[in-house]
Amino acid sequence: MTFARRFRAALVAAIATWACGCLQPADRNQHSAAIVGGISDPNHRYVVAVGYSGGAFCSGTVISKHTVLTAGHCIGGVTKVYFGPTVSGATTVDVVQQVRDPMYADICDNDATYDLGILKLAQAAPTQAAPLLRATLDNTARYVGPSWVWVGYGDTGAGGFGRRRVATFPITLVGPAPGRGSLCMIPETLIYAQTAGRSTCNGDSGGPSFWVGGGVEYEAGVTSSGDNSCMLDASQQRSDQPYINQFIQAHIDSFEGGDPCRSDGVCNESCNTGGQLGDPDCAANHCGADGICAEACVAPRDPDCAALDSSNCGDNGVCDLSCASDPDCDRQCGADGNCIPGCATPDPDCGPGAADAGLDD
């Protein structure tokens, strides 16, 4: 059984325990590590833990002021979202509405399709929102080959569920494709990733997989399932343009009440005040030193966000040019749509006629 499905059974048990008044923490997976091959991550502030008053059991992403995107199999009993690098001591915001994609369905081998869920917060999130990938994924070199960024709060063998972690690794393909690894089939709704030593695990469900283009990380997938050992492979439910159209956007529009600063694919510059990005659709406009911190600008890091950040010098998907050595900068020195100054061999994305990493289909 994949970790997504095993977790769902544990979640049902946890809710039943809650109802009887004998509250227990949510499921604590016994597998080896969360975000396998990753490191602790204090800086992806728009990635959150999802759960109830007794603890968290899934991950998610703030995608608009009052809107969190998570996995469909996490929906049920969600009453709290936890903001912070650890669940312990985190700021919490109540959830007033939770919706699972009506197309959600089990497929063979206990995996799922249309595995999306969306949460309405009782008050505005105390973080910026992450931009969505408003383009359509495909199996071209634009998406398959470059490293993506994966974040979640899943179980760690040393410390249990509840610490945000990040890893970088590429996707293998975008469905549809025949089954491989732990999946008996890969429908067009799923992204498949298989990288030795790096993966997602229990509790990372609902967390984001970010594609990086033009220096900006865009949420393109939601962690859905993987193999029992969390070491072989994993699948992500797509959250790119077809799924924005099919499910996500209508709920953003409803939850945000027509707010012109909501995530809607249109940049409203009047929303970006107080040195902070208020409209996630404007991120690509503010990756330089212009007085506006755009936290989604990661390749290289927006210098205006330096005051907020802990160290980005590890392998966390953020190329920080202030570091003496950062593996993310070395990795992104190729022709991947992200201009990294100071590469040993000049980055072709920085020169005249550089490849366009825009989001036009």
Side-chain angles (χ1 to χ4, degrees), residues 1-10 27 29-38 58-59 70-74 101 103-116 133 137-157 161 165-211 219-240 242-243 315 317 331:
M1 182 181 292
T2 60
F3 66 79
R5 304 280 76 74
R6 183 176 58 250
F7 172 77
R8 184 173 61 178
D27 176 49
N29 177 36
Q30 299 302 309
H31 296 313
S32 58
I35 299 288
V36 176
C58 276
S59 302
T70 188
H73 72 264
C74 296
D101 190 323
M103 297 285 287
Y104 176 93
D106 289 336
I107 57 176
C108 58
D109 198 29
N110 295 299
D111 292 307
T113 186
Y114 292 95
D115 191 10
L116 292 173
L133 179 62
L137 291 170
D138 57 35
N139 284 296
T140 63
R142 187 184 196 191
Y143 301 113
V144 180
S147 285
W148 289 34
V149 181
W150 314 74
V151 188
Y153 286 79
D155 195 339
T156 66
F161 177 92
R165 292 171 63 86
V166 58
T168 58
F169 53 93
I171 67 170
T172 305
L173 60 85
V174 179
R180 60 171 71 187
S182 69
L183 275 70
C184 65
M185 63 176 291
I186 305 171
E188 65 178 5
T189 57
L190 297 185
I191 304 163
Y192 179 76
Q194 186 176 44
T195 298
R198 299 199 175 198
S199 189
T200 53
C201 201
N202 213 21
D204 294 324
S205 290
S209 48
F210 293 115
W211 173 76
E219 183 164 11
V222 169
T223 295
S224 180
S225 67
D227 68 290
N228 283 346
S229 67
C230 305
M231 296 297 290
L232 174 61
D233 59 7
S235 68
Q236 292 72 40
Q237 167 61 48
R238 289 170 56 181
S239 59
D240 54 326
Y243 304 91
D315 188 3
R331 185 176 57 247

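Keep in mind that the numbers below use all heavy atoms, side chains included, and drop hydrogens, waters and symmetry copies. All residue numbers in this chain count up from 1 along the given sequence.
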>> Does any part of the side chain of L133, heavy atoms only, come nearer than 4.5 Å to the side chain of R238, both counted from C-beta?
In response: no

> Which atom names give the shortest non-hydrogen contact between Y104 and G72, and what distance separates them?
Replying inline: CE1-C, 4.1 Å

> Any idea which heavy atoms bring S205 and S224 closest together, and the distance?
Replying inline: OG-O, 4.0 Å

>> According to side chain to side chain donor-acceptor pair (under 3.5 Å), who are the partners of N139, at least two apart in sequence or on a separate chain?
In response: none

>> Applying side-chain contact (heavy atoms from CB on, under 4.5 Å), can you list everything that pairs with S59, at least two apart in sequence or on another chain?
In response: Y153

> Can you name the side-chain contact (heavy atoms from CB on, under 4.5 Å) partners of P176, sequence neighbours left out?
Replying inline: E188

> Is any side-chain heavy atom of L116 closer than 4.5 Å to a side-chain heavy atom of V222?
Replying inline: yes

> Is the backbone N or O of G221 less than 3.5 Å from a side-chain atom of S239, with the two atoms forming a donor-acceptor pair by type?
Replying inline: yes

> Should T168 and W150 count as side-chain neighbours, where that means a heavy-atom distance under 4.5 Å?
Replying inline: no

> With sequence neighbours excluded, what pairs up with A177 under the side-chain contact (heavy atoms from CB on, under 4.5 Å) test?
Replying inline: L173, I186

> If you look at every heavy atom in Q236 and S209, which pair is closest and at what distance?
Replying inline: CG-OG, 3.8 Å

>> Tell me the closest heavy-atom pair linking R331 and S147, and the distance in Å.
In response: CD-OG, 3.3 Å

> Atom SG in C184, atom CD1 in I107: separation rounded to 0.5 Å?
Replying inline: 6.0 Å

>> Go through it in stages, so that I can follow the logic: the residues are I171 and Y192, the test is side chain to side chain contact (heavy atoms under 4.5 Å, CB included), and I'd like the CA-CA distance, side-chain angles, deciding distance and then a yes or no.
In response: CA-CA 6 Å; I171 67 170; Y192 179 76; over 6 Å; no

> Counting N and O atoms only, with roles assigned by atom type, does the side chain of D204 sit under 3.5 Å from a partner on the main chain of G154, one being a donor and the other an acceptor?
Replying inline: yes

>> Under the rule for side chain to side chain donor-acceptor pair (under 3.5 Å), what residues qualify as partners of T189, not counting sequence neighbours?
In response: T113

>> Within the 4.5 Å heavy-atom criterion, are R165 and V151 side-chain neighbours or not?
In response: no

> Could you give the distance from OG (S235) to CG (D111), rounded to the nearest 0.5 Å?
Replying inline: 5.5 Å

> Is there side-chain contact between L190 and L183, with heavy atoms separated by less than 4.5 Å?
Replying inline: yes

> How close do P170 and G145 get, heavy atom to heavy atom, and via which atoms?
Replying inline: CB-O, 3.6 Å

> Can you say whether the rings of W148 and Y143 are parallel (under 30°), tilted (30 to 60°) or perpendicular (over 60°)?
Replying inline: perpendicular

> Looking at residues at least two apart in the chain, or sitting in another chain, which of them share a side chain to side chain donor-acceptor pair (under 3.5 Å) with E219?
Replying inline: T61

>> To the closest 0.5 Å, what do you measure between SG (C74) and CG (D115)?
In response: 7.5 Å

> Mind checking what makes salt bridge (charged side-chain N to carboxylate O under 4.0 Å, His left out) contact with D101, not counting sequence neighbours?
Replying inline: none

